[in-house]
4 protein chains.
Amino acid sequence: MPISLLLSQSLRSVRAHTEALIAPLEPEDLCLQGMADASPPKWHLAHTTWFFETFVLQPHLPNHRACDPRWGYQFNSYYDAVGDRHPRPERGLLSRPPIRDVLSWRRDVDAALQLLLNDPPPDVLPLVELGLHHEQQHQELLLMDLLDAFHRQPLAPIYNQAADLTARTTSPQWLSCDGGLVEIGFEGSSFHFDNEAPCHRIWLEQFAFSSELVSVGDYLTFIHDGGYRRPDLWMSEGWALVQQGGWSAPRYWRPGELEFTLAGLQPLDPTAPVRHLSWFEADAYARWHGSRLPSEAEWEVACALHGDSVQHAHGVLWQWTSSPYRPYPGFSPAAGAIGEYNGKFMSSQMVLRGSSWLTPEGHARNTYRNFFPPASRWMASGLRLAR
Amino acid sequence: MPISLLLSQSLRSVRAHTEALIAPLEPEDLCLQGMADASPPKWHLAHTTWFFETFVLQPHLPNHRACDPRWGYQFNSYYDAVGDRHPRPERGLLSRPPIRDVLSWRRDVDAALQLLLNDPPPDVLPLVELGLHHEQQHQELLLMDLLDAFHRQPLAPIYNQAADLTARTTSPQWLSCDGGLVEIGFEGSSFHFDNEAPCHRIWLEQFAFSSELVSVGDYLTFIHDGGYRRPDLWMSEGWALVQQGGWSAPRYWRPGELEFTLAGLQPLDPTAPVRHLSWFEADAYARWHGSRLPSEAEWEVACALHGDSVQHAHGVLWQWTSSPYRPYPGFSPAAGAIGEYNGKFMSSQMVLRGSSWLTPEGHARNTYRNFFPPASRWMASGLRLAR
Amino acid sequence: MPISLLLSQSLRSVRAHTEALIAPLEPEDLCLQGMADASPPKWHLAHTTWFFETFVLQPHLPNHRACDPRWGYQFNSYYDAVGDRHPRPERGLLSRPPIRDVLSWRRDVDAALQLLLNDPPPDVLPLVELGLHHEQQHQELLLMDLLDAFHRQPLAPIYNQAADLTARTTSPQWLSCDGGLVEIGFEGSSFHFDNEAPCHRIWLEQFAFSSELVSVGDYLTFIHDGGYRRPDLWMSEGWALVQQGGWSAPRYWRPGELEFTLAGLQPLDPTAPVRHLSWFEADAYARWHGSRLPSEAEWEVACALHGDSVQHAHGVLWQWTSSPYRPYPGFSPAAGAIGEYNGKFMSSQMVLRGSSWLTPEGHARNTYRNFFPPASRWMASGLRLAR
Amino acid sequence: MPISLLLSQSLRSVRAHTEALIAPLEPEDLCLQGMADASPPKWHLAHTTWFFETFVLQPHLPNHRACDPRWGYQFNSYYDAVGDRHPRPERGLLSRPPIRDVLSWRRDVDAALQLLLNDPPPDVLPLVELGLHHEQQHQELLLMDLLDAFHRQPLAPIYNQAADLTARTTSPQWLSCDGGLVEIGFEGSSFHFDNEAPCHRIWLEQFAFSSELVSVGDYLTFIHDGGYRRPDLWMSEGWALVQQGGWSAPRYWRPGELEFTLAGLQPLDPTAPVRHLSWFEADAYARWHGSRLPSEAEWEVACALHGDSVQHAHGVLWQWTSSPYRPYPGFSPAAGAIGEYNGKFMSSQMVLRGSSWLTPEGHARNTYRNFFPPASRWMASGLRLAR
């Protein structure tokens with residue numbers, strides 16, 4: 001099957017999946033934005049459509065008529081090269097266009113993309129593929145942003161009884177890794193984000209890598225041992241957050257050993273992997289444990305080396321690493337506005353590896369570099385130890 | 001017709017009118033909160049219902065079963081005596097309960113109120129009446145809050161093509177008033193808010209009162225004469241706002257002599273009364289004009305004295321006065337939580353008199369004391385001069 | 001003795017007194033600014049000098065050479081008509097010019113003023129007199145600002161063992177006042193601020209006025225009765241401050257029934273008048289007591305009527321009134337920049353009457369209108385009841 | 001000469017140098033704190049004394065009587081293990097103790113240290129040495145904090161006519177470096193900070209290293225080419241700072257090609273190295289140039305390899321690297337409170353290498369890791385390119 005036909009099928013399926021995600025919502029939920037870092041569901045639907053229109057249709061489909069420029073202003077996320085945009089903290093104020101107009105726009109853009117894929121110019125296929133991966137990222141963002149917005153409501157809404165993580169941890173083993181001169185990063189011609197390349201050499205000393213994620217039970221021991229009350233366990237920045245924010249547990253834990261989830265309030269299960277932690281909490285836990293977080297290179301090497309012995313490398317929780325998010329040696333961002341996708345965020349953030357139960361199928365890779373500021377904890381983040 | 005029957009009819013009509021106000025809205029508009037001072041439409045519908053349930057049904061209808069206490073927490077506005085409440089700036093995050101549940105609650109509360117009015121205990125009638133006037137206040141608030149929320153959107157939504165003010169000014173005359181020892185405040189047994197009483201004596205020197213509101217054309221002259229650039233015209237607080245907020249015109253004016261209204265963007269009409277001014281702007285305009293704002297006593301006395309010669313006393317724009325909002329001599333708030341209705345806001349606010357085109361019919365009185373902080377300008381405020 | 005000679009003597013004495021106020025200070029105290037509302041001691045010395053130079057010498061003394069314009073920028077307080085100025089919250093950063101240069105400037109300006117007073121042009125005498133009263137105001141401000149700055153230091157510095165208030169309260173009596181059509185405001189040709197005029201008629205109902213200030217002992221009873229925990233006693237704004245600021249006592253009270261004063265930490269004396277209260281606290285206390293604050297007209301009329309029966313009308317504590325600070329009917333500010341002295345502050349503030357133990361001798365008048373925002377409590381404020 | 005005698009001499013000289021730094025100051029300068037990140041001169045003198053007393057004298061000199069615990073509270077910088085402390089942004093409010101008491105405390109502590117060094121217990125010598133290096137760091141901080149505080153004053157005070165940087169750049173060459181498996185970090189037993197160890201292996205690809213710092217002339221070209229107006233050159237965080245802060249040049253540049261320095265306002269010299277840049281500016285410049293910043297490993301390796309061919313490696317400006325500040329593999333902080341010295345700051349900061357003209361003699365090392373947040377630019381920072 002030609003690549004354009006495959007893409008055309010993926011397009012249909014990925015785009016439909018995004019819309020399926022809002023099926024359980026009330027109309028009032030569509031504009032819900034709990035904080036500046038998050039975006040409302042409708043905004044995600046519109047932005048991903050804007051992305052295809054702006055970067056695929058406008059440059060490549062002759063006679064394509066773009067949306068109202070005010071829509072472009074509203075649904076541009078952060079592409080400075082494309083022009084000004086609506087302030088991020090005020091996305092929740094965009095009650096208009098209403099959802100039916102956004103869905104109708106999605107229809108039009110989808111039809112135009114299919115038209116373009118009938119006889120695609122050479123540059124178009126990678127752009128469409130990027131658009132699909134971009135949309136998959138927003139599928140995960142939509143759910144984690146919704147969890148944030150729902151947890152702010154006294155009524156503790158349930159998104160979907162079946163939407164919660166079901167994975168449970170096993171007993172952790174230390175997996176030994178020799179280190180030496182190793183290669184990390186993506187190599188090959190299939191899809192990957194620019195930040196995963198180039199493949200390059202790095203020196204690693206011998207290390208041990210935990211076979212399993214840290215569990216709720218492990219984390220409760222940390223808490224009961226005064227984890228949130230001992231400044232010696234924390235980075236200075238993290239300790240300030242603990243005090244200012246009154247942190248005493250992961251973000252969504254509630255009194256009575258409960259956790260707020262996409263399936264509503266649920267009892268904490270000690271065998272579940274602990275989640276919705278900031279990097280500061282992951283780092284403090286590791287210090288308390290007498291271990292440390294793996295670097296992103298260690299994570300990638302250990303997963304390649306030990307394969308299935310690494311439990312829950314993917315599909316459960318993103319795993320904080322000890323690595324600040326910086327460009328690989330020889331990194332060059334894509335040309336033009338698309339180059340803003342990853343490159344301009346390479347400061348003051350930490351890398352997470354793996355993927356989560358919210359990550360769409362087919363979106364995960366061992367070389368994938370996710371990144372968030374060390375204080376963020378509304379994402380599906382967990383941790384795994386090294387030493 | 002007995003008073004309870006009249007009230008029962010009013011109840012039906014006022015409650016239905018509130019619901020009619022949201023008919024032109026998209027579902028996503030229902031949770032829209034543009035700023036901390038404003039509330040979303042759905043919240044107004046729920047809060048007015050909570051008011052009836054809390055202050056009428058719960059104390060007076062045996063076996064009435066109140067709403068989920070979390071609803072009470074969400075829809076209490078500011079009654080400390082009733083308990084804790086959801087933070088005001090986060091009312092826009094209350095996507096739940098959805099509108100259908102709020103409307104269903106309204107049905108239930110309305111039915112219970114009608115039941116109670118069939119054979120009302122003596123204390124109930126004034127409370128129901130208060131609830132109706134309270135709901136009418138929220139009808140006006142709903143529209144002015146919506147105007148604020150809509151003006152923040154690039155798409156400049158139209159609420160209703162027919163919703164805008166149509167009144168136009170005439171040529172102003174100075175109406176002479178003798179002053180002397182006069183009485184102001186409400187006297188009698190019909191409905192009034194506690195802050196309008198008691199009727200009391202006050203001494204006024206002779207003054208002149210403008211027969212008309214200040215117009216857009218008048219205000220343009222002030223602007224063209226450097227009104228927003230001359231600190232000598234302003235209170236110090238007001239001048240700070242001008243500079244910090246970059247104020248150069250009334251709140252909803254837009255470049256090109258346009259104004260954003262409930263009917264969308266409209267051309268400025270020089271003969272329309274100028275509106276959406278803060279007290280600081282009204283005060284600066286009056287100083288520039290060589291006149292002053294009337295005190296609230298002057299307003300009340302002049303309207304009583306000159307009757308229809310006072311153009312647009314009601315039904316056009318609330319009119320800023322020179323009077324800080326303070327209790328009348330001998331004021332006593334109602335007992336219990338209801339006493340929080342007006343009394344606790346008697347600091348750092350200024351009185352407006354009259355009523356506006358958004359004020360529901362039957363809600364206006366010459367003794368009515370509306371009040372807002374001097375920096376507020378999202379209300380339907382205008383001004384009238386005295387000297 | 002001619003008025004110019006009298007003024008010349010006053011000038012010497014008032015100017016010397018200001019400098020005597022900083023004698024007990026360490027050099028590092030001279031730039032101390034505890035908060036944006038307050039100013040450092042050296043700034044007060046420089047600003048009062050700038051006032052004389054700007055409003056007296058520059059317009060009236062030929063060939064007077066003004067200070068470096070950057071000094072003018074630094075030491076202008078709020079006169080927009082005179083030009084831009086250094087941001088108020090950053091006055092504490094002005095370590096230069098050093099004190100010796102400020103003192104030397106004071107010498108030069110004093111000499112120039114004496115020269116001018118040898119043969120004064122007609123307009124000059126009232127300006128010099130205003131400058132003297134202005135400097136006296138800053139003498140009080142200097143001390144209250146210093147108290148604020150010292151109370152922020154762990155070492156609790158003592159300004160002067162003899163600087164604290166020594167007055168003690170007597171048993172309060174209700175003094176009866178008939179009311180009726182009365183006159184308030186300053187009448188005559190001697191010195192007064194523009195805001196005290198014009199003298200005008202006002203109607204007062206009969207009232208009773210307390211002969212004494214509220215005492216520490218009285219206020220302790222209020223506290224022990226839950227005064228800071230009962231929202232029903234407070235204006236809404238005030239209750240928000242109580243909660244945000246964790247207020248549970250007057251500003252300078254410390255655990256262990258101590259109070260921080262200009263004489264350092266001192267035990268609370270139940271018979272002392274309670275002080276350093278905000279208007280919100282004064283208002284809440286009066287409500288709790290079942291009384292109310294007097295209006296400023298009541299204060300002025302009662303003091304005129306009852307003379308010495310009113311204990312501590314002056315020289316102890318400024319007394320909060322129920323009156324917002326607004327212009328008297330017919331008020332007109334002085335022409336030019338001097339008109340900014342009082343007029344532009346007539347919003348969002350409350351009037352205090354009387355004077356305090358920090359007020360310089362000869363500065364008090366029954367018609368004097370002091371004013372502060374209702375949340376301020378670093379001044380020498382107390383309260384007296386009416387009913 | 002025994003080590004304790006050498007230390008005793010160093011102590012005398014380093015401690016005296018700190019006090020010499022304040023000789024040019026006015027007394028009012030001693031409490032000057034321009035921003036929360038900076039500290040007043042007197043505070044630096046007191047804090048370094050507190051450091052010796054707390055970590056050397058109290059644990060090791062029997063019968064030593066420590067300062068007033070409130071002094072400890074005031075002069076603890078960030079050691080959580082030692083107890084609570086005065087809020088950092090309010091150090092400028094600590095007018096007391098006055099300088100003479102601080103200097104007298106310095107005398108007492110110095111005498112006690114000399115006494116201890118007469119017959120030092122084994123653990124003491126490294127602590128005294130750490131205290132000396134700590135004090136040298138504060139000597140540099142004192143001057144850069146002072147520059148910040150002085151630049152906020154309209155009078156643009158001169159600290160010392162001879163205090164400015166005099167180094168000038170030469171024509172840059174690319175120095176070639178082979179890379180491969182190299183070692184970085186401190187090895188040996190002489191003094192170094194814990195964050196410089198352990199020495200460890202790292203893999204470097206071949207790279208080129210500029211022989212010279214970037215000059216003012218180079219940077220002017222960047223500015224004239226729109227460097228501060230092109231978002232594509234900046235990290236997203238950095239671009240936000242450019243816009244919010246209105247950045248258009250290095251921190252201390254002034255209109256008219258002037259720069260504010262410790263010697264007052266000086267003309268910009270195109271051959272001088274550009275300084276007082278944030279990491280974001282250094283990074284943007286490098287991107288504009290088509291080069292990049294060196295990693296800290298590259299910096300250390302290139303300086304070792306090329307020796308004197310690297311111009312101005314030390315004694316001119318700290319040089320931003322591309323490396324986030326993180327622990328070396330195998331890093332372990334010192335035991336106890338001293339372990340807070342470096343380890344807890346290893347997040348959200350970038351490494352600078354080299355040293356500056358403000359760095360005290362004998363304080364620089366090739367392995368020295370200085371660190372600041374990427375937005376900071378009040379330090380003596382410059383940059384050098386790699387590719």
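Chain naming here is simple, since letters A, B, ... match the order of the sequence lines and numbering starts at 1 in each.
- Contacts with chain A were tallied for B:L30, B:D29, B:L32, B:I99; B:D29 has the most, counting heavy-atom pairs under 4.5 Å.
- At a 4.5 Å heavy-atom cutoff, the contact between B:L155 and chain A is made by backbone and side-chain atoms alike.
- Counting heavy-atom pairs closer than 4.5 Å to chain A, the top-ranked of the candidates B:P40, B:P98, B:G34 is B:P98.
- The parts of A:P97 that come within reach of chain B are both its backbone and its side chain, each placing non-hydrogen atoms under 4.5 angstrom from that chain.
- Side chain to side chain, A:Q153 and B:S95 meet the donor-acceptor criterion of an N or O pair below 3.5 Å.
- Between the B:K344 side chain and the B:Y78 main chain, a donor and an acceptor come within less than 3.5 Å of each other.
- Counting only distance, with no hydrogens or angles, the side chain of A:T48 and the backbone of A:H44 share a donor-acceptor pair below 3.5 Å.
- A distance of 12.0 Å separates CH2 of B:W378 from OG of B:S278, quoted to the nearest 0.5 Å.
- For A:Q74, the part lying under 4.5 angstrom from a heavy atom of chain B is the side chain only.
- In this structure, B:H47 and B:W43 have parallel ring planes: the angle between them is below the 30° cut-off, well short of the 60° mark.
- Not counting sequence neighbours, the partners of A:E19 by the salt bridge (charged side-chain N to carboxylate O under 4.0 Å, His left out) test are A:R106, A:R107.
- Using cut-offs of 30° and 60° for the angle between ring planes, the B:Y79 and B:Y341 rings count as tilted.
- Using a 4.0 Å cut-off between charged nitrogen and carboxylate oxygen, B:R96 and A:E28 do not count as a salt-bridge pair.
- The stretch residues 241-265 of chain A places none of its residues near chain B, where near means some heavy atom under 4.5 Å from a heavy atom of that chain.
- Near-neighbour residues of residues 86-94 of chain A relative to chain B, defined by a heavy atom under 4.5 Å from a heavy atom of that chain, comprise A:H86, A:G92, A:L93, A:L94.
- Among the residues in residues 135-143 of chain A, none has a non-hydrogen atom closer than 4.5 angstrom to a non-hydrogen atom of chain B.
- Per-residue counts of heavy-atom pairs under 4.5 Å with chain A were compared for B:A149, B:P157, B:P154; the largest is that of B:P154.
- Using a cutoff of 4.0 Å between basic side-chain nitrogens and carboxylate oxygens, A:D84 and A:R70 are not scored as salt-bridged.
- Taking CG of A:L25 as the reference point, atom CG of A:N160 lies at 10.0 Å (rounded to 0.5 Å).
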